[in-house]
Amino acid sequence: MKHSVTDIVDVILRRLQEHPEALPSEKGLRSWLSRQGYNKREIDAAIKLVKPGFPSVPHPITPTQTQTSVRLLSILEEYKLTPEARNALARIELYGLLDPYDREMILDYLNHMDGEVGLDELDYLLSWMVCSGRDVAY
């Protein structure tokens, strides 16, 4: 079964938020994800996304913390992205897993795609940027 990298990232973040007192090791997190049915390649891509912000992940950004400003999506970008893809991109940004440069790079690639861009296309681009070995669907 093919899982979206954004789904695995959500599972990881949910797990970390549910147990903030016991921050799991990367090895422990990997074995837990494999027991949940995710394959190694998907886990690798999700861990690479989460790892830079790993210590701060259990504590979501609150309005009192300083945040970097993010530009709003253009009309074309908003039109091209499905609501699910926009929400997934926003969640990844909210948790600090995607820096502004990478976001702009993803949006630039999305603008060159034909038609509406959904979760599968966003998943592919995120996987490609984080784990460039993935070039075909499973």
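As a basis for the values below, the full set of heavy atoms in this structure was taken, side chains included, without hydrogen atoms, waters or symmetry mates. We're numbering straight along the sequence, starting at 1.
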To the closest 0.5 Å, what do you measure between [atom1] ([X]) and [atom2] ([Y])?
X	Y	atom1	atom2	result
Ile43	Arg30	CD1	CZ	7.0 Å
Glu42	Ile8	CD	CD1	4.5 Å
Ile12	Gln36	CD1	CD	11.0 Å
Glu121	Leu125	CD	CG	8.5 Å
Leu73	Tyr79	CG	OH	15.0 Å
Asn39	Ser34	CG	OG	10.5 Å

Work out which heavy atom in Gly28 is nearest to a heavy atom in Ser31; give both atom names and the distance. O-OG, 3.1 Å

Out of curiosity, does [Y] fall in the hydrophobic cluster containing [X] (side-chain heavy atoms, cut-off under 4.5 Å, transitive links)?
X	Y	value
Leu76	Met105	no
Leu98	Tyr101	yes
Val117	Leu119	no

Any side-chain heavy atom of [X] sitting closer than 4.5 Å to one from [Y]?
X	Y	value
Leu110	Ile106	yes
Asp7	Tyr38	no
Ile92	Leu126	yes
Glu93	Leu89	yes

Hey, does the side chain of [X] reach the backbone of [Y] with a donor-acceptor pair shorter than 3.5 angstrom?
X	Y	result
Arg86	Glu78	yes
Lys80	Met113	yes
Asp108	Glu104	no
Asn87	Pro83	yes

Check Lys48 with Asp44, please: is the shortest side-chain N to carboxylate O separation under 4.0 Å? no

